[in-house]
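The structure appears below as structure tokens.
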Amino acid sequence: MFLAQLSDMHFRSRGARLYDFIDVNARNAEIINRVNALTERPDAVIVTGDMVNCGEPGEYRLARHILGQLNYPLYVIPGNHDNKALFLDAFSGLCPQLGQDPENMAYAVDEFPVRLLFIDTSVTGASWGHLSDFTLGWLEDRLSRDDKESYVFMHHPPVAFGSAQMDPIACRNGERLLALIERFPQLTRVFCGHVHRMIATQYRQALICSAPSTVHQVPYLHTDPRPYYSLEPGAMMMHNLVPGVGLVTSYHSLANYEGPWLYDPRTSCPGEGC
Ligand SMILES: [Fe+2]
């Protein structure tokens with residue numbers, strides 16, 4: 001199993017820019033082309049929420065158009081910037097696992113050696129996240145069925161990562177997910193978005209890790225709570241299930257940079273044979 005995780009694409013309507021100056025649509029379109037061109041192709045692409053910036057119909061039309069060009073299966077969940085109904089309407093064709101109920105989006109992908117569990121932590125009108133009774137019951141039901149190793153994908157991190165800016169808008173009842181991690185040892189990964197930066201911590205047997213945004217990032221500051229953002233280059237995470245080891249997660253920059261080049265010993269230490 002080899003998965004690409006994108007997050008927080010924040011599409012705008014055609015011709016509009018994020019914060020009036022960031023051409024997020026062009027950047028995301030370029031990224032989708034780059035993902036399509038990967039020579040080592042993922043089995044699926046995941047987007048962990050904040051698909052659009054303002055929850056507007058025009059934003060979803062553009063996001064649907066760009067993501068419709070992906071040449072891989074697509075698994076998506078909404079974030080706090082999304083409108084649940086418009087999100088479902090836009091992506092149910094590309095990701096039919098989302099179902100039909102915008103208030104209760106949750107689905108399992110069972111075609112890999114591990115089970116992927118996708119849940120919605122967004123709350124209409126709020127920046128912070130919440131696990132509904134439906135979502136918690138659905139998770140408990142899926143985890144109770146057998147002991148297949150399972151990963152949860154959700155927008156809001158279930159713990160405070162120590163970010164003065166983002167901790168107040170994390171998942172407010174994330175301790176309910178931590179209780180499931182305690183009860184179910186097969187739950188070994190929680191992958192989220194929301195914080196626009198790759199940050200990792202651990203609770204019991206579970207790695208809890210956020211993905212960067214494809215376009216704009218949030219500095220990781222411990223004491224300054226002001227709402228910063230930056231154009232530190234976007235990135236994605238790749239999840240590679242390595243036989244005999246388990247899941248290995250790596251960070252792939254989406255910056256425009258030179259290389260890669262093949263290592264050539266003749267130019268490394270000329271004459272020294274190193
Ligand atoms: Fe976001």
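We use all heavy atoms of the structure for the numbers below, so side chains are in, but hydrogens, waters and symmetry mates are not. Whatever order the structure lists them in is the order used to number ligands and atoms, beginning at 1.
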His10 and His216 aromatic ring geometry - parallel, tilted or perpendicular at 30°/60° bounds: perpendicular

Sidechain-backbone polar pair: Asp264 side chain, Arg266 backbone, donor-acceptor under 3.5 Å: yes

Under 3.5 Å donor-acceptor, Gln165 side chain and Tyr228 backbone: yes

Protein N/O/S neighbour count - the Fe ion (ligand 1), strictly under 2.8 Å: 4

Parallel, tilted or perpendicular: ring planes of His130 versus Trp128, cut at 30 and 60 degrees: perpendicular

Heavy-atom neighbours of Arg41 CZ exceed 12 at 6.0 Å: yes

Geometric class of the Tyr107/Phe118 ring pair [parallel <30°, tilted 30-60°, perpendicular >60°]: parallel

